[in-house]
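Please read all numbers here as calculations on a predicted model, not as lab measurements. Quick note: numbers below take in every heavy atom, side chains included, and nothing from hydrogens, waters or symmetry partners.
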Amino acid sequence: MSAATSNHVVPEIPRHVHRHGRARESRRRLTIVLVLTAVYMFAEAFGGWWTASLALMADAGHMLADVAALSLALMAVWFSTRPATPGKTFGYYRLEILAALINGVGLVLIALFIFYEAYQRWFTAPKVRSIPMMFVATGGLLVNLICARLLHRDRKEDLNVRGAWLHIMGDALGSGAAIVAGAVITVSGWNAADALFSVLIGLLIVWSSWHLIREATNVLLEGTPAHINLAAVEDTILATEGVTNVHDLHIWTITSGHEALSAHVIHAYSISQPNLLKELRTKLHDGFGVDHLTIQMETGDFEDEALHFCQAGTACFRSERE
């Protein structure tokens with residue numbers, strides 16, 4: 001056999017210092033948000049009971065889910081800073097994604113409970129103390145806006161923090177809906193408005209949770225990140241001088257903002273493998289933000305006795321060129 005083959009793991013650009021610093025800052029912000037949310041949750045629950053407002057009780061229930069979600073988020077941030085082990089070679093990064101999925105499912109369950117209670121109250125609408133209801137809801141809105149501001153920056157980089165942020169934004173919208181419901185009841189005396197706006201709060205919760213569940217599930221299924229076009233990656237690799245073909249191409253997310261790629265690259269005999277790897281690494285980092293690369297270099301007449309994963313009948317990405 002006249003060809004040579006080798007597996008190369010291209011060193012990724014160091015991120016551990018940045019990631020651990022971000023984790024500490026995320027933990028500090030999440031702790032502040034957790035304390036604020038927990039304190040006002042009790043105030044809103046009491047206010048909902050005293051004013052007989054389902055909208056306030058729904059918002060307090062959402063805040064209870066927030067407390068659980070924020071606790072999970074803090075746990076995931078703490079675990080993500082733990083070092084990798086022989087049994088966990090990628091560390092505990094995926095706990096962040098699991099926490100985000102649990103948050104999303106919890107939101108859906110709360111929304112279903114709100115729908116059920118709203119249905120019951122639509123036919124037997126109790127008298128609601130609308131003025132105190134609006135005051136309590138306004139306090140909740142202010143707390144939620146403060147918490148959302150604290151998490152706003154980190155939500156773009158961390159799916160787990162985004163889940164907590166979505167919880168908070170759902171609460172803020174819920175508090176706003178409770179204020180409007182209180183105003184409607186005060187002006188018109190129509191107590192069923194409380195149940196109606198509770199349903200609107202539930203719909204907002206379902207909408208936000210769906211996006212979170214979809215993103216978390218895609219990561220757990222090791223799907224291609226939404227912001228990366230796999231066909232474009234293939235074109236970029238094939239456009240590199242000396243590359244004749246590429247197969248078994250996979251891109252997945254280890255955790256938020258940390259993508260990985262593996263591929264078999266077939267190249268010409270005359271090409272220097274170290275130089276080719278360096279060029280591919282630069283292109284994939286600059287064009288797609290992928291740093292963790294595992295590339296097997298092959299020549300055209302290389303015959304691997306082992307059966308490739310994608311040749312074993314398993315569903316894989318197939319280029320239109322094939």
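Residue Thr37 comes nearest to Cys147 through the heavy atom pair OG1-SG, 3.9 Å, listed as atom of the first residue, atom of the second, then distance. Contact detail for Leu141 and Ala172: the closest heavy-atom pair is CD1-O, 3.4 Å. Taking every heavy atom of both residues into account, Ser175 and Asn144 meet most closely at OG-ND2, 3.3 Å. The shortest heavy-atom contact between Met133 and Ala181 is CE-CB, 3.8 Å. The two atoms that bring Gly242 and Ile271 nearest to each other are CA-CG1, 3.5 Å, heavy atoms only. The heavy-atom pair separating Val143 from Leu36 by the smallest distance is CG1-O, 4.0 Å.
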Under the criterion side-chain contact (heavy atoms from CB on, under 4.5 Å), I'd like the reasoning laid out for Val246 against His264: C-alpha separation, chi angles, the key distance, then a yes or no. CA-CA 6 Å; Val246 59; His264 291 231; over 6 Å; no

Is there a side-chain hydrogen bond (donor to acceptor under 3.5 Å, both in side chains) between His267 and Glu298? Walk through the geometry before answering. CA-CA 6 Å; His267 63 87; Glu298 302 172 357; over 6 Å; no

Do Ile32 and Ile146 pass the side-chain contact (heavy atoms from CB on, under 4.5 Å) test, and can you show the C-alpha distance, the side-chain angles, and the key distance before you say yes or no? CA-CA 10 Å; Ile32 295 172; Ile146 292 171; over 6 Å; no

Would Phe115 and Leu203 count as a side-chain contact (heavy atoms from CB on, under 4.5 Å) here? Give the steps. CA-CA 9 Å; Phe115 293 150; Leu203 291 174; 3.9 Å; yes

Determine, step by step, whether Ile266 and Thr299 satisfy the side-chain contact (heavy atoms from CB on, under 4.5 Å) criterion, reporting the C-alpha distance in whole Å, the side-chain angles of both residues, the deciding distance to 0.1 Å, and the verdict. CA-CA 5 Å; Ile266 302 175; Thr299 52; 5.7 Å; no

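Both Leu276 and Ile237 belong to a single network of hydrophobic side chains, linked directly or stepwise wherever heavy atoms of I, L, V, M, F, W or Y lie under 4.5 Å apart. Side-chain heavy atoms closer than 4.5 Å link hydrophobic residues (I, L, V, M, F, W, Y) into clusters, and following such links, even through other members, never connects Ile168 to Leu145. Using a 4.5 Å cut-off between side-chain heavy atoms of Ile, Leu, Val, Met, Phe, Trp and Tyr, with links allowed through other members, Val290 and Val233 fall into the same hydrophobic cluster. No single ILVMFWY cluster, assembled from side-chain heavy atoms under 4.5 Å apart, contains both Met63 and Leu142. No chain of hydrophobic side-chain contacts below 4.5 Å, direct or via other Ile, Leu, Val, Met, Phe, Trp or Tyr residues, connects Met57 to Met41.
By the 6.0 Å contact criterion, CZ on Arg214 is enclosed, its count of non-hydrogen atoms from other residues, nucleotides or ligands being greater than 12.
Grouped with Leu54 in a hydrophobic cluster is no other residue, since no side-chain heavy-atom contact under 4.5 Å to another Ile, Leu, Val, Met, Phe, Trp or Tyr is found. With side-chain heavy atoms closer than 4.5 Å counting as contact, directly or through intermediates, the hydrophobic cluster containing Trp50 also holds Phe46, Trp49. When hydrophobic side chains of Ile, Leu, Val, Met, Phe, Trp and Tyr are connected at separations under 4.5 Å, Met134 ends up clustered with Ile131, Phe135.
With rounding to the nearest 0.5 angstrom, the CG atom of Leu238 is 6.5 Å from the CG atom of Asn245. Atom CD1 of Ile102 is separated from atom CG of Leu98 by 6.5 Å, given to the nearest 0.5 angstrom. Separating the CD atom in Glu259 from the CG atom in Leu284 is a distance of 12.0 Å, to the nearest 0.5 Å. Atom NE2 of His152 sits about 6.5 Å away from atom CZ of Arg149, to the nearest 0.5 Å. From Ile213, atom CD1 reaches atom CG of Leu220 across 11.5 Å, with rounding to the nearest 0.5 Å. Atom CZ of residue Phe113 and atom OH of residue Tyr116 lie 9.0 Å apart, to the nearest 0.5 angstrom.
Side-chain contact between Leu196 and Trp122: present, with at least one pair of heavy atoms (C-beta onward) separated by less than 4.5 Å. Using a 4.5 Å cut-off on side-chain heavy atoms (C-beta onward), Val199 and Ile114 make no contact. Between Thr224 and Trp252, the closest side-chain pair of non-hydrogen atoms is not below 4.5 Å. Using a 4.5 Å cut-off on side-chain heavy atoms (C-beta onward), Thr236 and Phe288 make contact. Put simply, the side chain of Gln296 does not reach to within 4.5 Å of the side chain of Val265, judged on heavy atoms.
With hydrogens and angles left out, the side-chain atoms of His247 and Glu234 include no donor and acceptor closer than 3.5 Å. For the 3.5 Å distance criterion, the side chains of Ser130 and Thr186 qualify, holding a donor opposite an acceptor.
Residue pairs meeting the salt bridge (charged side-chain N to carboxylate O under 4.0 Å, His left out) criterion with at least one member in residues 98-111: none, sequence neighbours excluded.
Using a distance-only test at 3.5 Å, with no hydrogens or angles considered, no donor-acceptor pair links the side chain of Thr240 to the main chain of Val243. Proximity of a side-chain donor or acceptor of Thr124 to a complementary backbone N or O of Arg121 within less than 3.5 Å is not detected. One N or O on the side chain of Asp194 and one on the backbone of Ala55 form a donor-acceptor pair closer than 3.5 Å. In terms of modelled atom types and a separation under 3.5 Å, the side chain of Asn191 and the main chain of Lys127 share no donor-acceptor contact. Between the side chain of Ser262 and the backbone N or O of Thr294 there is no donor-acceptor pair closer than 3.5 Å.
Every residue meeting the ring pair (Phe, Tyr, Trp, His ring centres under 6.0 Å) condition with Trp207, not counting sequence neighbours, appears here in chain and number order: His211. Residues satisfying the side-chain contact (heavy atoms from CB on, under 4.5 Å) criterion with Ser188, sequence neighbours excluded, are Val184, Trp190.
Under the 30°/60° scheme for interplanar angles, the aromatic rings of His258 and His292 are found to stand perpendicular.
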